[in-house]
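Lettering follows sequence order; numbering is per chain, from 1. Note that the structure is predicted; figures quoted are calculated from it, not measured.
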Amino acid sequence: MKFYIFDVSYEVEMHKPVILMWSIDEKGRRVLLKDPRFRPYFYVIPMNEADIDDLKRKILTLSKPKSPIISIDIQKKKFIGKEITVLRVTTVLPESVRSYREEVKKLKEVKDVLEADIRFAMRYIIDKDIKLNSWHEVEVRSKGRDPKYRVEEVFEVLSDPKAVEGKDEKPKLRQLAFDIEVYNKDGAPKAERDPIISIALVSEDFKEVKIADNKNDRELLLYFRKRVLDYDPDLVYGYNCNKFDWPFIIERAKLNGVSIDVGRKVGVPPSTGAYGHVSLPGRLNVDVYDFAKDVYEVKVKTLENVADYLGVVKKDERVIIPGHEIYKYWEDPSKREILKKYNLDDALSTFLLAQLFVPFGEQLSYLTGLPLDQVGAASVGFKVEWYLIRVAYKVDELVPNRVERRAQSYKGAIVLRPRRGVHENVAVLDFSSMYPNIMIKYNVGPDTLVRPGEKYDPDEVYVSPIGHMFKKKPDAFFKISLTQLLKMRKEIKEKLKSLDPESPQYKLLDERQKAVKVLANAHYGYMGWSHARWYCKECAEAVTAWGRELILKSIELARSLGLEVIYGDTDSLFVRYDKEKVEKLIKLIQEKLGFEVKIDKIYKKLFFTEAKKRYAGILEDGRIDIVGFEAVRGDWAEVAKEVQEKVIELILKEGNTDEAIKYVKDVIEKLRKGEIDIEKLVIWKTLEKDFSEYKTEPPHVVAAKRARLKGYEFKKGDKVGYVIVRGSGKLAQRAWPWFMVDKSKIDVNYYIDHQVIPAAMRILGYFGITETSLKGMEGGLWTFLRKKSRGR
DNA sequence: CCTTCTCGGGG
DNA sequence: GTGTACGAGAAGG
């Protein structure tokens with residue numbers, strides 16, 4: 001029979017582990033596949049001189065009746081490229097692996113223990129090559145219904161699941177988004193004090209919201225449980241629900257003595273699992289916020305900002321209530337309808353955002369083997385790592401243990417000093433997948449790296465510009481992984497050409513090729529991550545060195561053609577767009593250096609100051625592109641960003657500064673008159689550390705501390721929005737959380753002198769405009785007098 | 001006045 | 001908890 005498997009977990013039944021595969025059958029029924037045949041294991045590397053059979057006997061004597069060691073096999077494997085003989089020790093209970101690991105490690109004949117930290121369900125996914133969120137052929141025997149599980153039928157698995165190639169379609173999944181509102185009068189919400197006052201649910205089939213009529217939230221919790229169980233969703237969506245909604249619900253349920261077992265296992269409540277995700281048995285609980293974090297165009301990633309930017313729910317079409325005022329809308333019965341609408345708009349936004357993000361998440365899950373609820377919560381490093389672990393299994397490579405290391409920095413990419421000024425017709429050339437291709441070409445990896453003192457044949461190694469050497473043979477582990485990914489991407493793209501872009505299959509495969517790209521591009525950074533299992537600083541260092549060499553050689557080629565190079569960063573070159581010469585250059589780089597370059601974009605006009613990583617241009621279609629300047633940074637006040645953006649636009653489009661100057665003066669005047677919204681004056685910064693770790697007291701830290709005194713919770717990772725008020729002393733002493741400040745207290749001069757003018761001058765200064773001419777009274781005074789006389 | 005701390009955006 | 005390079009403001013001395 002064929003099953004669409006979307007989650008894998010396990011449970012212990014009669015002292016034995018059983019793999020649970022939460023699935024959908026071809027009739028669209030929710031079913032559970034139980035595989036009782038799988039057992040946990042780990043590997044033991046013996047000391048070189050150790051007697052293997054003797055060691056085997058010794059390990060067997062450690063066997064405990066609770067979870068006996070059922071077999072020890074001698075196997076040949078590779079470890080960091082070297083052939084080694086290992087013992088595979090298999091036991092019964094997954095949770096006993098850790099204690100066996102510790103005891104085995106103590107034996108003097110044992111060099112190391114490997115793969116004892118691969119979670120049991122992941123072990124199954126890797127070993128059986130389960131492709132989550134896709135179809136598998138499995139031989140099964142029906143066990144009928146089981147009141148323990150909220151599924152239509154339970155099956156016992158008789159054969160290893162086999163992925164069905166080419167069945168790139170999804171069954172109809174039930175999805176439910178939820179959102180809660182809580183009563184917090186003083187500062188941040190606290191579950192032990194504040195009740196839930198409203199819950200909204202949105203699915204394809206219904207939208208509803210239930211508001212509490214008193215401060216006892218027991219009824220609300222029961223309603224929530226009932227509605228989830230009635231609808232029986234496969235996917236549950238929340239926004240920041242792993243960190244807020246779920247912990248809050250779990251705690252409130254506990255206080256109320258209510259069971260909140262909303263998963264597909266009766267009596268089992270949600271619990272926090274790997275990477276801080278909240279797990280509901282048999283359902284995929286997706287925190288949409290995890291995916292929203294990747295929308296870097298949105299600086300402050302509130303639900304309404306992300307939904308607005310992506311166009312699913314526009315801000316002006318929905319209710320927005322500041323977090324600290326929510327309780328007021330509940331206390332005043334006449335305002336409760338507004339609160340309900342707000343709650344519903346949030347759940348709706350979450351639901352709609354999930355439609356955009358989840359298809360991509362499903363494909364990341366398909367590739368990495370991490371179930372969808374974990375793959376969003378896991379960082380990029382772990383996503384790459386799980387992908388690598390799957391590759392390792394297929395090529396008999398053992399997985400290195402995680403080692404505590406100090407981060408070691410190394411030299412990175414090259415950035416050219418730009419030619420300042422306005423340039424016309426500039427082409428941006430990009431190397432396609434530069435670092436992955438360098439890694440493939442030079443066979444880079446910890447397994448091919450020639451270590452100090454190691455013997456090598458000078459003809460059989462690649463030597464990096466900084467001297468690190470990599471053996472040409474055999475293929476590096478990273479090369480295998482990357483080649484496979486690039487090949488997969490090429491094949492998918494080929495297949496896409498034959499499909500209707502509107503078809504579900506096209507959409508699915510397109511998301512898959514995007515996920516492949518993300519994983520491939522993250523390989524280089526992964527090597528330089530000190531917590532990586534396959535950490536290799538020398539490898540990362542060599543890759544950036546080859547990258548620098550590549551760019552420099554390409555510049556030489558450009559110059560040999562008489563092409564002017566205006567700028568370049570890491571894997572891009574900005575050159576004067578002379579069509580013929582640029583095409584020649586692309587060919588030359590391909591032929592002489594062996595790398596592919598493409599024209600990424602063409603600017604009609606491009607403006608540089610002397611600074612690196614900062615430029616603004618107008619593209620062929622008239623769009624303005626701003627990189628690096630204050631206008632696109634989150635830590636500048638909106639008013640300054642707007643001014644700079646407008647100045648850039650006026651200059652690139654008009655070709656002179658007159659309009660721009662007039663515009664800046666106008667904004668300054670509005671600021672003086674207090675006509676600018678306080679929201680546009682807020683500066684947002686992240687607390688990157690715990691309060692105690694700060695050696696200095698920057699403004700955002702001072703503001704956050706002030707909010708904390710009022711009961712608002714601020715901690716590492718939070719964004720602090722502050723404004724500057726009038727007064728004396730250090731700037732930080734004048735920084736206050738924006739929601740605690742009355743507009744009349746704002747220091748307008750700070751915003752003029754330290755936000756608007758610097759942002760405008762960054763551009764206008766290049767054209768010889770002075771600060772005083774923006775601020776000066778010449779223009780301002782006249783307008784002032786004119787208006788005054790008109791007023792009379 | 002100079003150095004250090006801190007942060008964010010992006011190739 | 002993927003990497004380094006870079007610019008800029010404000011604190012600190």
Below 4.0 Å: OP1/OP2 of [N] and any side-chain N or O of [X]:
{"X": "A:Ser572", "N": "B:dG11", "answer": "no"}
{"X": "A:Tyr526", "N": "C:dG1", "answer": "no"}
{"X": "A:His700", "N": "B:dC7", "answer": "yes"}
{"X": "A:Ser530", "N": "C:dG1", "answer": "no"}

Rounded to whole angstrom units, what separation is found between the [atom1] atom of [X] and the [atom2] atom of [N]?
{"X": "A:Lys641", "N": "B:dG8", "atom1": "NZ", "atom2": "C1'", "value": "11 Å"}
{"X": "A:Tyr524", "N": "B:dG11", "atom1": "OH", "atom2": "C1'", "value": "11 Å"}
{"X": "A:Asp569", "N": "B:dG10", "atom1": "CG", "atom2": "P", "value": "12 Å"}
{"X": "A:Trp684", "N": "B:dT6", "atom1": "CH2", "atom2": "C1'", "value": "19 Å"}
{"X": "A:Asn521", "N": "B:dG11", "atom1": "CG", "atom2": "C1'", "value": "11 Å"}
{"X": "A:Phe691", "N": "B:dT6", "atom1": "CZ", "atom2": "C1'", "value": "15 Å"}
{"X": "A:Lys537", "N": "C:dT2", "atom1": "NZ", "atom2": "C1'", "value": "16 Å"}
{"X": "A:Glu541", "N": "C:dT2", "atom1": "CD", "atom2": "P", "value": "20 Å"}

[X] atom [atom1], over 12 foreign heavy atoms within 6.0 Å:
{"X": "A:Lys605", "atom1": "NZ", "answer": "yes"}
{"X": "A:Lys517", "atom1": "NZ", "answer": "no"}
{"X": "A:Arg420", "atom1": "CZ", "answer": "yes"}
{"X": "A:Lys441", "atom1": "NZ", "answer": "yes"}

Checking all strands, does [X] fall into the base, sugar-phosphate, or nothing category for heavy-atom contacts under 4.0 angstrom?
{"X": "A:Tyr435", "answer": "nothing"}
{"X": "A:Ser409", "answer": "sugar-phosphate"}
{"X": "A:Gly525", "answer": "base"}
{"X": "A:Tyr615", "answer": "sugar-phosphate"}
{"X": "A:Lys689", "answer": "sugar-phosphate"}
{"X": "A:Thr544", "answer": "nothing"}
{"X": "A:Val384", "answer": "nothing"}

>> Just to verify, what does A:Glu638 make a side-chain contact (heavy atoms from CB on, under 4.5 Å) with, not counting sequence neighbours?
In response: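 Partners of A:Glu638 under the side-chain contact (heavy atoms from CB on, under 4.5 Å) test: A:Lys641, A:Glu642, A:Lys680.
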> Are the aromatic rings of A:Phe607 and A:Tyr766 close, with centres under 6.0 Å apart?
Replying inline: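 That pair passes the under 6.0 Å test.
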> Aromatic ring centroids of A:Trp534 and A:Phe477 under 6.0 Å?
Replying inline: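 Judged by ring-centre distance (under 6.0 Å), A:Trp534 and A:Phe477 do meet the cut-off.
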>> Could you measure the distance from the CD1 atom of A:Ile414 to the CD1 atom of A:Ile551? Nearest 0.5 Å is fine.
In response: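 A:Ile414 atom CD1 to A:Ile551 atom CD1 measures 8.0 Å (nearest 0.5 Å).
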> Which letter, B, S or -, goes with each nucleotide of nucleotides 6-11 of chain C from 5' to 3', with contact meaning a protein heavy atom under 4.0 Å?
Replying inline: SBSSSS
